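Below: the structure, in structure tokens.
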Amino acid sequence: MSSTRPSLRDLARAWIVVSTQSVGGGPSTLFLMRREIVNRRGWVSTRQFLEDYALAKMSLGINLVALAGLVGLRTAGLAGVLVSVAVLLVPAAAITVMLTAGYVLVRDEPFVRAALTGIAPAAAGMTAGMGFTFIQQSVRRGWPALLDWGFASATFAAGLALGATPVVVIAVGIAVGGLLLRGQSSRASGDPAS
């Protein structure tokens with residue numbers, strides 16, 4: 001993790017990559033955020049990113065916008081929030097408007113319809129892959145790892161079988177953590193493996 005704060009220009013450059021390349025929405029946007037902010041630039045640790053993502057999931061509205069704001073705040077303060085959210089949204093919105101206008105012209109073509117049929121499995125695979133990556137990165141060592149894996153498995157089952165909402169799942173996670181993990185460090189300053 002980098003010890004220096006990024007300039008607003010560098011922050012904008014990172015978000016322009018995310019904004020202009022995150023075809024497919026949620027999973028690809030999340031993947032690109034993690035790649036640019038954590039892996040390539042090292043501005044936050046994996047653990048910090050996961051904690052910000054968990055907080056963003058509790059926000060109203062589009063949680064990836066909230067995540068951009070939290071990352072911006074963590075890396076460059078209030079100005080970082082403004083730059084991160086603006087640069088994530090404005091280019092993506094412009095591209096979306098242009099693509100939508102183009103789609104209207106070709107939406108009834110057989111090739112286009114067939115191509116769109118392949119998008120759902122690809123998006124599902126990306127979502128599952130990011131979920132597995134997040135589980136691996138968030139698991140701690142020792143006995144808390146059992147709790148982490150157990151809770152991740154129970155969350156998956158609750159979502160699959162019961163349709164549990166993220167707000168409920170996160171609230172239960174807060175309660176479980178508060179009851180069973182008192183005194184445990186969140187290790188927000190470093191990765192779980194450190």
Side-chain angles (χ1 to χ4, degrees), residues 11-41 44 46 49-72 83-139 148-173:
L11 193 60
R13 284 185 185 136
W15 287 112
I16 199 81
V17 169
V18 175
S19 181
T20 59
Q21 296 181 22
S22 57
V23 176
S28 64
T29 304
L30 191 59
F31 169 79
L32 286 167
M33 285 177 159
R34 183 172 179 263
R35 186 182 75 183
E36 285 300 312
I37 304 300
V38 177
N39 297 352
R40 283 195 176 161
R41 306 195 187 250
V44 299
T46 299
F49 186 79
L50 289 170
E51 289 176 358
D52 286 349
Y53 181 63
L55 284 172
K57 291 295 280 183
M58 290 189 292
S59 70
L60 300 175
I62 303 169
N63 58 50
L64 293 176
V65 174
L67 178 58
L70 286 169
V71 168
V83 167
S84 296
V85 171
V87 178
L88 176 67
L89 292 177
V90 173
I95 291 168
T96 300
V97 167
M98 289 186 294
L99 288 176
T100 301
Y103 174 70
V104 168
L105 300 174
V106 297
R107 68 179 166 205
D108 294 325
E109 296 294 324
F111 176 77
V112 172
R113 295 176 76 83
L116 292 176
T117 303
I119 290 175
M126 289 174 62
T127 301
M130 283 304 298
F132 184 72
T133 299
F134 279 4
I135 290 170
Q136 285 181 310
Q137 295 297 320
S138 66
V139 170
D148 291 342
W149 279 106
F151 191 67
S153 300
T155 299
F156 178 75
L160 194 61
L162 306 173
T165 66
V167 171
V168 171
V169 171
I170 291 171
V172 170

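As the structure is a prediction and not an experimental result, all values here were calculated from the model.
Side-chain atoms of Thr117 come within 3.5 Å of backbone atoms of Arg113 as a donor-acceptor pair (strictly under, hydrogens ignored).
Here the CD1 atom belonging to Ile62 is positioned 7.0 Å from the CG atom belonging to Leu89, to the nearest 0.5 angstrom. Here CG of Leu70 is found 7.5 Å from OG of Ser59. Values are rounded to the nearest 0.5 Å. If you take OH on Tyr53 and OG1 on Thr46, they are separated by 14.5 Å, rounding to the nearest 0.5 Å. Ile95 contributes atom CD1, which lies 9.5 Å from atom CD of Gln21 (distance to the nearest 0.5 angstrom). A distance of 11.5 Å separates CD of Glu36 from CD1 of Ile16, quoted to the nearest 0.5 Å. Remark: Trp15 CH2 to Thr20 OG1 distance equals 12.5 Å, nearest 0.5 Å.
Between Ile37 and Ala14, the shortest heavy-atom distance links the atoms CD1-CB, 4.1 Å. Nearest heavy atom pair, residue Met33 against residue Leu67, reads SD-CD2, 3.5 Å. The nearest pair of heavy atoms linking Pro91 to Ala86 is CD-O, 3.9 Å.
Counted within 6.0 Å of CG on Leu105, heavy atoms from surrounding residues, nucleotides or ligands total more than 12; the atom is thus considered enclosed.
Legend: salt bridge (charged side-chain N to carboxylate O under 4.0 Å, His left out) pairs involving residues 57-71, not counting sequence neighbours: none detected.
Residues meeting the salt bridge (charged side-chain N to carboxylate O under 4.0 Å, His left out) test with Arg35, sequence neighbours left out: none.
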